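All figures in this text were calculated on a predicted structure; none of them were measured in a lab.
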Amino acid sequence: MAVAADYIVETRDLTKEFKGFTAVSGVSLRVRRHSIHALIGPNGAGKTTCFNLLTKFLVPTSGRIFFNQRDITHAQPAAVARLGMVRSFQISAVFSHLSVLENVRVALQRRRGGYFHFWRSDRILDQLNDQVMDLLQSVGMTGDVHRLAGELSYGRKRALEIATTLALDPEMLLLDEPMAGMSSEDVLLIAALIRRISANRTILMVEHNLNVVAELSDRISVLKQGRILAEGTYQEVSNNPEVVEAYMGSPDD
Amino acid sequence: MGGLWGKRERLAMLLLLLLALVAPFLVYPVFLMKGLCFALFASAFNLLLGYSGLLSFGHAMFFGFAAYVTAHMGKVWGVNPEWAILGGVVTAAALGLLTGWLAIRRTGIYFAMVTLAFAQMMYFVAIQAPFTHGEDGIQGVPRGRLFGFIDLGESLTLYYFVLLVFVASLWFLNRVVQSPFGQVLKAIRDNEQRAISLGYAVNRFKLLAFVLSAAFSGLAGSMKCQVFQLASLADVHWHSSGEVVLMTLLGGIGSLMGPAVGAFLVVSIENYFAEAGAWVTIIQGGIFVFCVLLFRAGIIGTLSQWLKGLYSGVGKA
């Protein structure tokens, strides 16, 4: 077996400098296919910047990014999503003036095609509704189908966002703090969901809830000040004195 | 969801249509036609502002230039009105493609400034180009015979032609909003970053919306030229760009009938307070401030919210 093919995502010396400071510095990250990989670290460690670089929402200052052995360093963000690497956002990203059903359907529409058809009635999209209902069921939201997404509670919005992301059936998911602001029941629901969907997918997530990280992740990378401080299983990482110090030294976590 | 077309909306639309059919016997037809032309202009503008979230401040270039092309084709080339109008629409769409392609790379106030800059350039062209006849404009454009046999010189015939074009255009614009494309457009308006992360190349959607909006603004301009037999600098002036923003905001952005209602309101004020001279703009300003303070969602938006509340109250009782 080729070693390279084991990794779905690989970055080499990824660096992002903003005016006056380096948010991400020489990060070489490898994410094993069909694993759950967590990115943790104190606030301002560069986790979200890493996400933005991987999904091309930011252009790296230097370094390269590979997805499925393909160099995507200079790809457009929408193109990266079409290749099969889809992200969620830290601030719940829903389409607030669309209904819950339409939110998920917009994602399904992208795979269906025909999204430039401005002369056809949107009733032809009703054929996607069964799929939408299946996806909403997986996040326990079948009761909210016709509500406007903007009216939902924070936790429900996050769940909707995950359902929308899943609608694309991506090979790789990047979840930016999927549990933030969720009630404890929702955390359990979403953790179970992440576990379930990880069966034939790769998941890279940023998460502050260390219980969730411990339970779900196969591998953890700890970032501090834009650099990878440690990498390994939860056991290995949590026994690393540098990691302990980084966390104790930070009042945020 | 059943979509926009509930029973009550259907009934209201039918009543409006009946009213429009008998209106020329009650009101001066040319005034009605002017209202319909601006209603179409505002509805086309609303496609961009209300459903794509893009505030253009240069739509006068599409409106005014289509009028010039229609006037030139009708007067100098002597073609039938349908071809002259089509020429205006195609010109506006092409102009929309060119300017939109550059403008959509910016958002918010910068988008507005880029569109304004293009409109000012086109205004300069309108002053300098020989075929527009500068300050005089193109006057005395023949109304001609539609398809060669329908005499549009007859005011009533022309009115029903304008009404037909307006209703068909409004239906089509509504279809665009309620289409697979319209769904993605609304998603982009709500959250552009998220739409990108779902794999949509958002600029293409914005560009298509921009071109469609430009084309229908052009249709409005061509129709206005057909009605007034005139294409002038006033239509390409930035004042027209501002007026269409005003109409759309007054009536209510993102609603089907809102911009049309706003357009009729503004045209009425201009007509009936014409004697007031310079005071027209003051009265307009006053009404605008009043509406913005009182009806946050525009006249139609606020009205429909109020009706919704009323009906749901009745339903519960």
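Within 6.0 Å of CZ on B/Arg106 lie no more than 12 heavy atoms contributed by other residues, nucleotides or ligands. Applying the 6.0 Å contact sphere to CH2 of B/Trp101 captures no more than 12 heavy atoms from other residues, nucleotides or ligands. Few gaps surround CG on B/Leu15; more than 12 heavy atoms of other groups in view lie less than 6.0 Å from it. For A/Phe18, the CZ atom sits in a packed shell: over 12 heavy atoms of surrounding residues, nucleotides or ligands are nearer than 6.0 Å. Annotation: A/His34, atom NE2; neighbour count of heavy atoms from other residues, nucleotides and ligands within 6.0 Å is above 12.
To the nearest 0.5 Å, atoms OG1 (A/Thr55) and CD1 (B/Ile196) are separated by 10.0 Å. Separating the CG atom in A/Leu168 from the OG atom in B/Ser197 is a distance of 8.0 Å, to the nearest 0.5 Å. Atom CZ of A/Phe116 sits about 7.0 Å away from atom CG of B/Leu208, to the nearest 0.5 Å. Annotation: the span from B/Gln193 atom CD to A/Phe57 atom CZ amounts to 5.0 Å, rounded to 0.5 Å.
Under the 3.5 Å distance criterion, the side-chain polar atoms of B/Arg194 are left unmatched by any main-chain donor or acceptor of A/Val94.
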Using a 3.5 Å cut-off and no angle test, enumerate the donor-acceptor pairs between side-chain atoms of residues 78-86 of chain A and protein atoms at least two apart in sequence or in another chain.
residue: A/Arg82; atom: NH1; partner: B/Gly199; partner atom: O; Å: 2.7

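Within residues 127-135 of chain A, no residue has any heavy atom closer than 4.5 Å to a heavy atom of chain B. Listed by sequence position, B/Gln183, B/Val184, B/Lys186, B/Ala187, B/Arg189, B/Asp190, B/Asn191 are the residues of residues 182-191 of chain B in contact with chain A, using a 4.5 angstrom heavy-atom cutoff.
Nearest heavy-atom pair across A/Gly114 and B/Pro180 is O-CB, 3.8 Å.
Every side chain to side chain contact (heavy atoms under 4.5 Å, CB included) that B/Thr91 has, sequence neighbours left out, goes to B/Val69.
Ranked by heavy-atom pairs shorter than 4.5 Å toward chain B, the options A/Glu161, A/Gln76, A/Arg105 are led by A/Glu161. By number of non-hydrogen pairs under 4.5 angstrom with chain B, the leading residue of A/His117, A/Arg110, A/Arg87 is A/Arg110. Between chain B and the options A/Pro77, A/Ala93, A/Ala107, A/Ser121, the largest number of non-hydrogen pairs under 4.5 Å is found for A/Ser121.
Looking at B/Phe205, both its backbone and its side chain come within 4.5 Å of chain A, counting heavy atoms on both sides.
Aromatic ring centres of A/Tyr115 and B/Tyr200 lie closer together than 6.0 Å.
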